[in-house]
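Structure first, commentary second.
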Amino acid sequence: MVDLVGPRVYSCCHCRNHVCLHDDIISKAFQGRYGRAFLYSHAMNIAVGPKEDRQLMTGLHTVADIYCRDCREVLGWKYERAYEESQRYKEGKFIFEKAKIVKENW
């Protein structure tokens, strides 16, 4: 498990495992299952579930749910594939639900 000191970190809301960095936020203008969500370029201390096609607000995407590696809480999803050209920038990126992560030490 990676434990960071210094940079602004977000943690799993359930177990406080560090899962993403503030500096890796690409956009805060996303909608998740439970409200607001953030798009990140990187994630850590997570497990990636099986891929599935999901119809989202911006079209059809292949996504995989992401889980906290410690407590297995579903935190969001990873974009594996976007079928529309305008959405391809999301491929390989991560959505974290704002309701599922907390600011750690800042």
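Numbers here are sequence positions counted from 1.
The distance from the SG atom of C68 to the CD atom of E73 is 8.0 Å, given to the nearest 0.5 Å. In this structure, CD in E104 is found 15.0 Å from NE2 in H22, a value given to the nearest 0.5 Å. Distance check: L75 CG to I66 CD1 gives 5.5 Å after rounding to the nearest 0.5 Å. The SG atom of C12 sits 6.5 Å away from the CG atom of N17 when rounded to the nearest 0.5 Å. For the atom pair SG (C71) and CZ (R69), the distance works out to 12.5 Å, reported to the nearest 0.5 Å.
Residues Y89 and W77 share a single hydrophobic cluster, defined by chaining ILVMFWY side chains whose heavy atoms lie under 4.5 Å apart. Both F96 and Y10 are part of a single hydrophobic cluster, where members link through side-chain heavy atoms under 4.5 Å apart. A chain of hydrophobic side-chain contacts below 4.5 Å, direct or via other Ile, Leu, Val, Met, Phe, Trp or Tyr residues, connects F94 to F38. Residues L39 and V63 fall within the same hydrophobic cluster, defined by Ile, Leu, Val, Met, Phe, Trp and Tyr side chains chained together at heavy-atom separations under 4.5 Å. Under the 4.5 Å side-chain contact rule for hydrophobic residues, Y40 and L56 do not share a cluster.
The closest side-chain heavy-atom distance from L21 to M44 is below 4.5 Å. Side-chain contact between V48 and E80: present, with at least one pair of heavy atoms (C-beta onward) separated by less than 4.5 Å. Looking only at side-chain heavy atoms (C-beta outward), R8 and K103 stay at 4.5 Å or farther from each other. Within the 4.5 Å cutoff, no side-chain heavy atoms of L60 are placed close to those of E84.
Across every non-hydrogen atom of C20 and H42, the tightest pair is CB-O, 4.3 Å. Smallest separation of non-hydrogen atoms from D70 and C15: CB-SG, 3.8 Å. Heavy-atom minimum distance, E91 versus A82: OE2-N, 2.9 Å. When all heavy atoms of G49 and A64 are compared, the closest pair comes out as O-CB, 3.3 Å.
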What side-chain donor-acceptor pairs closer than 3.5 Å can you find for residues 23-34, not counting sequence neighbours?
residue	atom	partner	partner atom	Å
S27	OG	A29	N	3.1
Q31	NE2	G35	O	3.4
R33	NH2	D65	OD1	2.8

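Between the side chains of Y79 and T62, not a single donor N or O lies within less than 3.5 Å of an accepting N or O.
Between R54 and E52 a salt bridge is recorded (basic side-chain N to carboxylate O distance below 4.0 Å).
Open room surrounds NE2 on H14; 12 or fewer heavy atoms of other groups in view lie less than 6.0 Å from it.
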